[in-house]
Amino acid sequence: MPLKNTITALTLCLCCLSAAPQGVQHDFGFARSQEVDVLEHGIRLELPWCGGMNSVRFSEIDLDLDGTDDLVAFEKHGDRLLTFIRDGQGFTYAPQYARLFPPLHDWAILKDFNGDGRPDIFTYGLAGIRVFQNISENSLEFSLVENTLMAYYYNGYVNLYSSPDDYLVVDDVDGDGKTDILNFYVLGKHVHFLKNQAGDNAGFDLRLEDECWGKFSEAADNNAISLLTYCSEREGSPLRHTGSSLLLHDFDGNGLADILIGDVDSPHLTLLLNGGTPETAVMTSKDTLFPCNSPVNLFSMPAASFIKLPGHVSPSLVVSPSDPSLTKSKDLNSVWVYDYNTALGEYTLTQTDFLQGEMIDVGSGSCPVLFDYDNDGLADLFVGNFGSFDSVAFNNGFAEPHFSSSISHYKNTGTSYSPEFTLQTRDFGNLKRIGLKALHPTFGDFDGDGLTDILCGCSNGTLILVPNATLTGNSTAVIHDYLGVDVGDFSTPQHFDLDNDGKKDLVIGNRRGILSYFRNTGGSTPAFDKVSDNLGGVDVRDHEVSYFGYSVPWFYRSHDSETFLFCGSESGKVSLYKGIDGNIDGQFVLAVDNIAETVSGVAKALNEGIRTGVAVAPLNGDSFPEIIVGNYAGGLSYFRGVTPPDYLSAGNNKKNDIIIAPNPNNGTFTIKGDAPLKRIEITDLSGRTLLVKDNIADIEFTVRLGNVANGMYFVKIEGKPIIKTVLGGQ
């Protein structure tokens, strides 16, 4: 996951009198679209291109400032925000509002801490909590007010510890109208109560009020709860906290706050009922399978929140996994809704795929492939996945879910001017029963019989061949270890004529983030000879995110016969390379580190989560290709081709909307952000400070450095995560 930092550093290249030319354009332009219809089982999906859901937690906030609360879902698998406008009896996907939130990671809770009626943001920082105040007036806007939330423990103020894995309580715990905190301490199995003793609407003065709130304890290595322990074991004892989600609510209506707990490696929620007093919480009874008539059964570590759904009288309990592991989500049906049944006096399960059921969602991991399988002149959509949740076993108390991969097939039932995709099967070729992970298909005649075969990469780095005759389900004929190819883990092949000799070659990505190239030297029956394990010098690893790259290549030849490479990655970026034709043995040119989408006329770097896969093809008859992007949450996003934007309007990093222009420059340049800049510091490579400017209330500021040497400099913007970007000069 990304490193967690608190400033933005943009690499600034100062070159005398060498300002980047205005109007230099990207090679491609893309605009997010929801207009392409998708049908599953004869029903048109309402939210097909939202990107999927695995592990989400919902909050309510008025996104469009119309006086009605809308919906925000934070997806833990990739740190994505999905924003929905409340529309009549449902929700409409409105991704433009996600761009108005600050960068969030690991977890996010929206709660009004100052009583102004506007939900603020609490999110993970670095072993602590960051707080952004909602300062919306004419549009949604947030300001960082606490970079590290402090609390008074025993002898003084220290960082209020928070795990990146837990969902803690941010709520009025004791009923005094102020926002307090409940969290498991770093070494302990007890819940700490941090009471807010600040004045009314004065922010935070959090002090440890009770180191064993509720007088219960959690076992050190499982989810067993012991009541009435009264903290007999203090925090200094050799305990460990394994990870939990917490929700505070008066479930039994006795006026006292109860607690709902989810735990790592457990699919259940435990309800602890408060039999104490308003001053002292004491949990006196428990329900380990809540709710009793239809218990939550969601691997792993379910987290709950209350949401007022359209047409419902009372808030619904919405539950989804929150385990940080990428292989512990019950992915295809991972958003459960419970409504309160007044007749029964308990919560009843009413849905297991809230919003998720209206999206393309293939489980965990999605890699789209466009290929005209039925030769009708229209590109069909195939989607490989890492896998989908099948079952779970336990080994020494630890959950070990089993995932198996499959390929979904959506036939293009539209026209050459208006695509439409209709689900044919979720298990094309009947490959799920083989039990492999991370099947990534490409298509072609690989055995010389004139029929289309499937060639799949998989998690062990080899290739499997599925001859055409087996596509109807005879998976016993699958050929494993095709040609003995092994590129390491997570092979992602593409069948593409790279050298333009009329014969399609093989290019294969892998977990390391590089590409292997196998030239087709055969005749009617292809033969593939390895040429390189470092094709074009491509390496899509981002060391601020991961040691791995998970490269997913898609070579595309444009209408004017120029070859481009779009490459998905672990970091979520989709990098664009050019300079390929006639240069297969050389270094490809990285044209754009992360391609942009055009939002309201401005280019914004793509932000689709982690482990992106990508497919590019002309789908609507104009001169621009479309792009479909997958991510680890198992869904897809669709972008139609548009006029390419210019470089100087593009934000080139997915977590930052800071523009420096011109760049390179002669020492005079303008910094423009998406919010007030507040503080700017410019340093050289040795760390020497050249300029500091505080209290900048505007979103734009002109810097004049004067007589400085040519070279690289850093511009640091307060309140942003560290990134490195070179703007302009392309």
Side-chain angles (χ1 to χ4, degrees), residues 325-327 362-369 382-388 402-407 429 431-444 446-447 453-467 475 478-496 498 504-520 526-543 545-555 565-571 575 610-615 630-632:
S325 169
L326 295 180
T327 56
V362 299
S364 293
S366 56
C367 282
V369 172
F382 296 84
V383 192
N385 63 8
F386 168 80
S388 55
H402 179 264
F403 288 73
S404 56
S405 183
S406 60
I407 299 169
L431 299 177
K432 186 175 178 64
R433 65 179 177 176
I434 300 175
L436 295 175
K437 295 183 180 68
L439 290 176
H440 184 97
T442 191
F443 297 86
F446 294 98
D447 56 11
D453 311 310
I454 316 174
L455 188 67
C456 289
C458 57
S459 61
N460 66 16
T462 64
L463 301 177
I464 66 169
L465 178 64
V466 187
S475 60
V478 168
I479 300 171
H480 292 266
D481 298 320
Y482 176 69
L483 299 182
V485 171
D486 186 346
V487 298
D489 296 326
F490 290 88
S491 48
T492 54
Q494 185 190 8
H495 196 211
F496 181 83
L498 186 61
K504 289 189 176 181
D505 312 301
L506 277 178
V507 179
I508 310 173
N510 63 18
R511 185 169 70 161
R512 184 181 169 189
I514 59 178
L515 303 180
S516 296
Y517 171 42
F518 295 79
R519 178 177 285 124
N520 186 349
F528 298 102
D529 294 339
K530 180 187 284 189
V531 176
S532 173
D533 275 329
N534 190 26
L535 178 65
V538 172
D539 187 341
V540 295
R541 286 176 295 178
D542 183 339
H543 293 291
V545 175
S546 172
Y547 294 113
F548 302 111
Y550 287 90
S551 51
V552 182
W554 187 275
F555 284 90
L565 167 63
F566 295 82
C567 198
S569 66
E570 166 81 343
S571 70
S575 300
I610 59 170
R611 294 199 191 175
T612 45
V614 58
N631 71 86
Y632 196 79

Q: Listed by chain and number, what are the ring-ring contact (aromatic ring centres under 6.0 Å, His included) partners of F446, not counting sequence neighbours?
A: H495
Q: Pick from V614, V552, V540, D539: which one makes a side-chain contact (heavy atoms from CB on, under 4.5 Å) with C567?
A: V540
Q: Between T492 and G509 (side chain of the first, backbone of the second, donor and acceptor by atom type, cut-off under 3.5 Å), is there such a pair?
A: yes
Q: Measuring only between side-chain heavy atoms, which start at C-beta, is P553 closer than 4.5 Å to L565?
A: yes
Q: Under 4.5 Å between any side-chain heavy atoms of I434 and L439, yes or no?
A: no
Q: S569: what forms a side-chain hydrogen bond (donor to acceptor under 3.5 Å, both in side chains) with it, not counting sequence neighbours?
A: S571
Q: What pairs with F555 under ring-ring contact (aromatic ring centres under 6.0 Å, His included), at least two apart in sequence or on another chain?
A: F496
Q: Which residues pass the ring-ring contact (aromatic ring centres under 6.0 Å, His included) test with F548, sequence neighbours left out?
A: none
Q: Is there a side-chain contact between C456 and I407 in this structure, where contact means two heavy atoms from C-beta onward sitting under 4.5 Å apart?
A: yes
Q: For residues 504-513, pull every pair meeting side chain to side chain donor-acceptor pair (under 3.5 Å), keeping only residues two or more places apart or in separate chains.
A: D489-R511
Q: With sequence neighbours excluded, tell me which residues meet salt bridge (Lys or Arg N to Asp or Glu O under 4.0 Å) with D533.
A: K530
Q: Measure the NE2-CG distance between H480 and L436 for me, rounded to the nearest 0.5 Å.
A: 6.0 Å
Q: For S364, give me all partners under side-chain hydrogen bond (donor to acceptor under 3.5 Å, both in side chains), at least two apart in sequence or on another chain.
A: N54, D331
Q: Within the 4.5 Å heavy-atom criterion, are L465 and D453 side-chain neighbours or not?
A: yes
Q: Would you say the side-chain atoms of S459 pair up with the backbone N or O of F490, donor to acceptor, closer than 3.5 Å?
A: no
Q: Report the residues that fulfil side-chain contact (heavy atoms from CB on, under 4.5 Å) with N534, sequence neighbours left out, ordered by chain and then residue number.
A: I514, S532
Q: Can you sort out the partners of D447 under side-chain hydrogen bond (donor to acceptor under 3.5 Å, both in side chains), two or more places apart, ordered by chain and number?
A: none
Q: Kindly write out the residues that satisfy side-chain contact (heavy atoms from CB on, under 4.5 Å) with T327, not counting sequence neighbours, or none if the list is empty.
A: S325, F386, F403, Y632
Q: What pairs with K432 under side-chain hydrogen bond (donor to acceptor under 3.5 Å, both in side chains), at least two apart in sequence or on another chain?
A: S388, D390, S404
Q: So, using side-chain contact (heavy atoms from CB on, under 4.5 Å) as the criterion, who are the partners of V531 when residues are at least two apart?
A: Y517, R519, D585
